Amino acid sequence: MFALIDGNNFYASCERIFQPELRGRPLVVLSNNDGCAIARSEEAKALGITMGHPIHKVEPRVRRQLAIRSANFGLYGDISSRIGAILRQAVPRVEVYSIDESFLDLAGIAQRKALATELHERVQRWTGIPNCVGIAPTKTLAKLANHVAKDAARKPGSYPADLARVCDLAELSPRQLDAVLRATEVGDVWGIGRRWAARLQSRGIATAADLRDAPSEDLLSEFGVVMARTQRELQGHSCLELAEVEPDRKQILVSRSFGEWIGDPQQMSEALATFAMRATEKLRAQGLTAGVVGIFAETDPFRLGMPQHNPSRTAQLTSATSDSRLVLGAVRRLGTSLMRAGYRYKKAGVFLADLARPDQLQDDLFAPARAGNDVLMETLDAINRRFGRNVAGLGASGWQRSACWHSRQESLSGRFTTRMADLPRARC
DNA sequence: TCTGGGGTCCTAGGACCC
DNA sequence: TCTGGGGTCCTAGGACCC
């Protein structure tokens with residue numbers, strides 16, 4: 001038996017913890033570079049702000065009513081880890097699935113609804129994050145149950161009241177479960193995206209119940225094993241296990257849109273160097289090495305009148321490494337002649353691939369399996385952990401705060417829980 | 001003026017191996 | 001006249017997730 005606990009409007013709710021003036025107001029959190037809405041409070045949803053909506057396309061009349069914040073992932077990540085700690089304290093097996101969702105294994109727990117209700121309240125009380133819990137025999141159904149719990153809480157009357165906030169599908173009679181699945185659009189099922197939803201609908205499969213009851217062989221042959229598995233999960237046969245241990249990353253990507261277009265190779269070089277530094281930091285935090293380094297740049301796809309150019313370069317390293325200096329060297333070599341004269345670029349990124357644990361690397365006849373200075377890198381990371389990110393870096397990277405290619409973040413809130421200077425003050 | 005930033009898995013087809 | 005059967009690896013593209 002699985003439970004899925006999920007923070008409501010997570011980023012918006014995080015912003016409200018330490019900024020009570022945002023409570024009850026239509027609030028929107030923007031993506032990096034202050035581009036699109038990536039979280040909305042209920043009040044903002046009611047104003048018609050949709051997920052991913054470019055904020056500059058919102059009517060000025062509506063926009064004036066909105067409270068806006070730039071994404072503050074440091075804050076959200078910290079709140080998320082606190083919720084993870086609360087959950088792990090209460091149940092033995094937890095899978096942190098994303099920044100705002102965790103699956104719990106409730107197998108063998110007798111009073112599971114009571115436990116789920118207690119956790120629901122505890123997370124709200126201890127972190128300030130409103131949340132919902134869905135319980136069911138499979139992960140896909142637990143996701144669906146979570147959806148029901150949210151809808152039932154948001155629109156009283158749409159579902160029986162005892163499904164609001166904490167919804168246990170396993171408690172329902174077959175007829176009640178059927179009614180829930182018939183009320184769920186097929187596109188709202190976990191694993192069914194926009195494309196598949198359209199293709200399913202054109203075959204007359206419009207609801208979760210339709211998908212559950214569709215002929216399995218047809219689904220398998222027309223959509224493949226992923227769809228077949230989703231159907232099995234809807235039927236109550238668990239195919240997806242709890243993944244307590246996070247598998248190693250296969251790729252690490254650091255990319256950003258720039259606040260301004262960049263035409264100057266020097267600035268591009270600084271931006272790429274900064275992304276390379278961040279990527280190798282992530283690499284070391286995971287305890288991995290990289291065998292392949294890549295870079296890319298993109299012009300502004302929304303400026304159709306401007307000449308477009310989306311170059312990319314990849315290099316295989318002779319020895320795998322997690323040393324920022326070696327990765328940076330590769331990025332600099334790749335970066336020369338990346339840009340075309342006269343073009344202006346809006347976005348760039350660095351990626352690392354062929355990731356491996358150092359002890360899994362194989363020596364090559366002509367080169368050591370691994371290169372770099374671990375002690376130096378550990379020292380660098382330790383300094384930055386202690387004194388703040390980018391306190392120490394390599395001279396070649398443009399890690400100064402003022403660089404013109406930085407993302408726009410005009411409405412950034414404080415790092416209330418991760419930075420001493422930003423600690424909220426209580427007055428009496 | 002302004003349009004995010006990460007990831008994963010599956011499949012089909014081609015090249016190649018014995 | 002006749003032309004196997006079984007694999008692996010890689011890549012590109014398409015789908016999905018938050």
Side-chain angles (χ1 to χ4, degrees), chain A residues 4 6-11 28-39 49-60 63 68-73 76-77 80 95-103 139-140 143 146-147 186-200 219-230 233 239-240 243 246-261 275 278-279 282-283 286 292 294 296 298-304 306 312 314 316 344 346-355 404 406-411:
Chain A
L4 177 71
D6 174 313
N8 301 349
N9 313 327
F10 186 67
Y11 299 162
V28 170
V29 176
L30 301 182
S31 58
N32 266 329
N33 220 27
D34 289 346
C36 303
I38 54 169
I49 310 292
T50 53
M51 195 66 173
H53 199 92
I55 193 68
H56 72 269
K57 287 193 167 177
V58 174
E59 258 184 81
R63 198 170 157 180
I68 288 177
R69 290 292 178 275
S70 305
N72 184 350
F73 290 108
Y76 313 149
S80 174
E95 172 188 347
V96 176
Y97 174 68
S98 75
I99 196 165
D100 68 335
E101 289 171 80
S102 290
F103 285 104
K139 283 178 146 185
T140 302
K143 282 284 261 190
N146 182 278
H147 209 90
V186 76
D188 288 338
V189 173
W190 188 39
I192 309 297
R194 280 227 316 268
R195 307 282 169 99
W196 279 4
R199 276 174 63 189
L200 287 169
L219 286 181
L220 180 63
S221 62
E222 284 170 51
F223 294 88
V225 299
V226 177
M227 180 70 85
R229 198 162 54 204
T230 296
E233 286 249 318
C239 305
L240 301 167
E246 206 181 322
D248 284 341
R249 292 249 167 289
K250 299 182 172 173
Q251 163 185 315
I252 287 173
L253 172 67
V254 176
S255 75
R256 290 289 179 279
S257 293
F258 303 130
E260 300 169 22
W261 291 314
F275 302 157
R278 181 73 195 114
K282 287 187 180 182
L283 184 69
Q286 302 259 327
V292 164
F296 65 88
E298 294 173 4
T299 47
D300 192 338
F302 297 99
R303 289 285 169 280
L304 294 174
M306 280 169 60
S312 68
T314 312
Q316 178 101 39
R344 300 208 287 176
K346 181 65 180 169
K347 179 177 178 174
V350 168
F351 60 89
L352 305 175
D354 249 18
L355 306 188
C404 73
H406 276 293
S407 296
R408 252 189 313 275
Q409 289 186 305
E410 286 171 0
S411 320

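Since the model is a prediction, treat every value here as computed from it, not as a measurement. Throughout, protein chains are lettered first and strands after them, A, B, ... in sequence-line order, and every chain is numbered starting at 1.
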Please state whether the phosphate of [N], meaning OP1 or OP2, lies under 4.0 angstrom from any side-chain nitrogen or oxygen of [X].
X        : N     : value
A/Lys347 : B/dG5 : yes
A/Lys282 : B/dG5 : no
A/Arg408 : B/dT1 : no
A/Ser257 : B/dG5 : yes
A/Ser255 : B/dG6 : yes

So what does [X] touch, heavy atoms closer than 4.0 Å: a base, only the sugar-phosphate, or nothing?
X        : result
A/Leu30  : nothing
A/Asp100 : sugar-phosphate
A/Ile192 : sugar-phosphate

Please list, pair by pair, any protein nitrogen or oxygen found under 3.5 Å from a nitrogen or oxygen in nucleotides 10-12 of chain B.
none

**Asked** Rounded to the nearest 0.5 Å, how far does CD1 of A/Ile192 lie from OG1 of A/Thr230?
**Response**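 Going from OG1 on A/Thr230 over to CD1 on A/Ile192, the span is 5.0 Å.
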**Request:** To the nearest 0.5 Å, tell me how far A/Ile49 CD1 sits from A/Cys36 SG.
**Result:**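 Answer for the CD1-SG pair, A/Ile49 versus A/Cys36, is 12.0 Å.
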Can you tell me which nucleotide in [options] comes closest to the side chain of [X]?
X        : options               : result
A/Arg249 : C/dC18, C/dA15, B/dG7 : B/dG7
A/Leu253 : B/dG6, C/dC16, B/dT3  : B/dG6
A/Tyr97  : C/dC17, C/dC16, B/dG6 : C/dC17
A/Trp196 : B/dG6, B/dC9, C/dA15  : C/dA15

Under the side-chain hydrogen bond (donor to acceptor under 3.5 Å, both in side chains) rule, collect the residues that match up with [X], sequence neighbours excluded.
X        : result
A/Ser70  : A/Asp34
A/Glu410 : none
A/Asp188 : none

Atom-pair distance ([atom1] on [X]; [atom2] on [N]), nearest Å:
X        : N      : atom1 : atom2 : result
A/Phe351 : B/dT8  : CZ    : C1'   : 16 Å
A/Tyr76  : C/dC18 : OH    : C1'   : 15 Å
A/Ile38  : B/dG5  : CD1   : C1'   : 9 Å
A/Arg199 : C/dG14 : CZ    : C1'   : 10 Å
A/Trp190 : C/dC17 : CH2   : P     : 9 Å
A/His53  : B/dT3  : NE2   : P     : 14 Å
A/Phe73  : B/dG7  : CZ    : P     : 12 Å
A/Asp300 : B/dT1  : CG    : P     : 13 Å

**Request:** Provide the distance between the two C1' atoms, one in B/dC17 and one in C/dG4, to the nearest whole Å.
**Result:** 14 Å
**Asked** So which one's nearest nucleotide on DNA chain B is more toward 5', A/Asp248 or A/Gly52?
**Response**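 By nearest-heavy-atom nucleotide position, the 5'-most residue is A/Gly52.
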**Item:** Residue mapping more 5' on DNA chain B - nearest nucleotide basis, A/Pro247 or A/Tyr11
**Value:**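 Mapping each residue to its closest nucleotide by heavy atoms, the 5'-most match is A/Tyr11.
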**Residues forming a ring pair (Phe, Tyr, Trp, His ring centres under 6.0 Å) with A/Phe103, sequence neighbours excluded** = A/Tyr97, A/Trp190
**Prompt:** For A/Phe296, which residues count as a ring pair (Phe, Tyr, Trp, His ring centres under 6.0 Å) partner, sequence neighbours excluded?
**Reply:** none
**Asked** Residues in salt bridge (Lys or Arg N to Asp or Glu O under 4.0 Å) with A/Asp248, at least two apart?
**Response** A/Arg357
**Donor-acceptor contact below 3.5 Å, side chain A/Glu298 vs main chain A/Ala348** =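 A pair under 3.5 Å: no.
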**Request:** For the pair A/Arg199 (side chain) and A/Glu222 (backbone), establish whether a donor and an acceptor sit closer than 3.5 Å, ignoring hydrogens and angles.
**Result:**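 Pair found, side chain donor or acceptor close to backbone of A/Glu222.
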**Set of side chain to side chain contact (heavy atoms under 4.5 Å, CB included) partners for A/Asp300, sequence neighbours left out** = A/Trp261, A/Phe302, A/Arg303, A/Lys346
**Paired and unpaired positions of DNA chain C as dot-bracket, Watson-Crick or G-U wobble under 3.5 Å, | denoting a partner strand** = ....||||||||||||||
